[in-house]
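Take a look at the structure set out below.
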Amino acid sequence: MLTDYDIVVVGGGHAGCEAAAAAAGLGSRVLLVTMNMQHMAQMSCNPAMGGIAKGQIIREIDAIGGYSGIVSDRSMIQFRMLNKSKGPAMWSPRSQNDRSLFAHEWRKILESLPSLDFRQDTVTSLIKEGDRVTGVRTAMGFKIGARAVILTNGTFLNGLIHIGEKQFGGGRSGERASLGLTECLQELGFRSGRMKTGTPPRIDGRTIDYSRLEEQKGDQEPGRFSFSGLTSPPSRQRSCHITYTNPEVHELLRAGFDRSPMFNGRIQSTGPRYCPSIEDKIERFADRDRHQLFIEPEGWETVEVYLNGFSSSLPEEIQYQALRKVAGLENAKMFRPGYAIEYDYFPPDQLTLSLETKHIEGLFFAGQINGTTGYEEAGCQGLMAGINAHHKISGHGPFILERSQAYIGVLIDDLVNKGTDEPYRMFTSRAEFRTLLRQDNADLRLTPLSYGLGLASQQRFDRVREKEAGVKALIGFFKSTNALPGEVNDMLLAAGTNAIDRKARLFSLFSRPQVTFDMLAKTSEKLKNLLAQQRQDPETVSQAEIQMKYEGYIAKEKEFVTRMGQIEHTALHPDFDYTGVKSLSAEAVQKLTYHKPGTLGQASRISGVSPTDISVLMVYLGR
């Protein structure tokens, strides 16, 4: 047997990297086992991080002390804040990244952690004593002892790649599948399923006619993901471009449907609803004569381009023919075709909210093994699994984020209590408290919690306290300072809002949507000086502005959280006998007995448990 470890992390993708870094950062002795150390932290799909709701998750990972935000910033080639035309609850940061640099930066961070070791090998089975995991076995015949194990296998479990009528085993292009572990877990009593995902062709950028494409530049004043102060916004950016399919493209693709594994029955597993293949889009949206495609550069020093929106498992020659009918791609050459991949996953209702499995103590699942899709969803699960595995072996209670605290809490609660039979992707609409869970305040929400765990550094905690003090000073000034009609009326009228006939607080004037900080600064020298002090940290000013502009909405949502707290925190014993509650529906008894929810709030989100069932339980518990 090799050296024993506190925690073994299986898989070196986004979930595995965050899990290993978190556990090692908290002081555990960690071994990261990966099939190919040259491919750790690979961006297997598009070279981008963040986006709608996903950007919020990256900022939450960073606020807790994970590294996805820092790595994204250091490898960024473009930054855009999405949804700026909507309210701040919808603003979502997104970066385009240098694929190679992203993996390089992650590896540098991991190799800087003294209590983290690496091994290039394949884990084929688990070792357990009773109902507790005690280690892993590898394909090279080694046994490695561990007090906890985190599985983050991505798309590698019995992975099968499809390109037209060709199929071959693999976890992604050029890499073999992981065999044996699924069967081991099934023998231990775990239910498994199959999912699929896909990727588009990679194109030689030298063969693209960019003059025929729409240019998509980054923000003029780019931002960043990390709150740490260890990164800076990009000083230069690369543009993406947009083009469209057309009816001729669609007809060429339809001609190959009989050779598509998705249509001829070879693929029967479920794919991502919100990121469909091009053939899926043509079939489902037959009334549309075009679909948007994004030309995304893969990095600073490569001509390789990612064709976002053209995922396909059609034969290579059909992909190529159709590609050349797209505007700007008439002379395009492919580096490699798109493909679909099927892989095993384990329905996440077999987990607790700490991501520990219910069947085997000390065993944690994170990432696509739980049925999710996306780097961001995987990374946050890895972070939480790493923290909780360390807590498990240290004798501490689990670290669980509630739905009102973080998008991460929403994601894990959804997975555990609702399960999923299709690749799960996070959206802002999944978060009922999204006005509170904004990307701009992730550090205020989560860094104090992480500091209490010992993961967020003193420097991070001090930055949060400084930001809070700056925000408080700005809001306090606005609430305590009056403006006279003669000082502000010209400005108000020019902005298209009503003049005032008596003195008014700056706060009440600023609550008007037409009024900005800079407008009011022209009327108050003291405010101008205060803003100048805070401008060194634009996020402080932005945070104060959001809190004042949306004070009413924020207060209502906090009140709703408080009202929901009675249900959310009413405890249910894991051995509660639901068969003894006569008015519960049969389905509710079955689902509650299986899931063993810890609170009424968790019970209310289990599929098949109705509001009536929750009312019955409240009455029963009241008695």
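Note that these values count all heavy atoms, side chains included, but never hydrogens, waters or copies made by symmetry. For reference, positions follow the sequence shown, starting with 1.
- In this structure Phe478 satisfies the ring-ring contact (aromatic ring centres under 6.0 Å, His included) test together with Phe510, Phe517, sequence neighbours excluded.
- For residues 584-604, no pair satisfies ring pair (Phe, Tyr, Trp, His ring centres under 6.0 Å), with sequence neighbours left out.
- Among residues two or more places apart in sequence or in another chain, the ring-ring contact (aromatic ring centres under 6.0 Å, His included) test is passed with Tyr345 by none.
- Each side chain to side chain donor-acceptor pair (under 3.5 Å) pair with one or both residues in residues 360-373, not counting sequence neighbours, appears once here: Arg132-Glu361, Glu361-Lys392, Asn370-Gln381, Thr372-Gln381.
- Lys84 is linked by a side chain to side chain contact (heavy atoms under 4.5 Å, CB included) to Met81, Trp91, counting only residues two or more places apart in sequence or in another chain.
- Under the salt bridge (Lys or Arg N to Asp or Glu O under 4.0 Å) criterion, Glu18 pairs with no residue, sequence neighbours left out.
- Residues passing the side chain to side chain contact (heavy atoms under 4.5 Å, CB included) test with Ala48 are Asn46, Arg94, Gln96, sequence neighbours excluded.
- Residues that satisfy the ring-ring contact (aromatic ring centres under 6.0 Å, His included) test with His359, not counting sequence neighbours, are Phe190.
- Within 6.0 Å of CG on Asp131 lie no more than 12 heavy atoms contributed by other residues, nucleotides or ligands.
- Heavy-atom neighbours of Glu129 CD from other residues, nucleotides or ligands within 6.0 Å: at or below the threshold of 12.
- Not a single ring-ring contact (aromatic ring centres under 6.0 Å, His included) links Phe507 to another residue, sequence neighbours left out.
- For the pair Leu415/Thr420, a side-chain contact is recorded, criterion being any heavy-atom separation below 4.5 Å from C-beta on.
- Under the 6.0 Å distance and 45° angle rule, Arg430 counts as a cation-pi partner of Tyr424.
- Considering only residues two or more places apart in sequence or on other chains, Phe560 meets the side chain to side chain contact (heavy atoms under 4.5 Å, CB included) condition with Phe433, Arg563, Met564.
- Scored by the salt bridge (Lys or Arg N to Asp or Glu O under 4.0 Å) test, Arg403 finds Asp413, Asp414, Glu432 as partners (sequence neighbours excluded).
- Among residue pairs with one or both ends in residues 469-479, those qualifying as salt bridge (charged side-chain N to carboxylate O under 4.0 Å, His left out) are Lys479-Glu551; sequence neighbours excluded.
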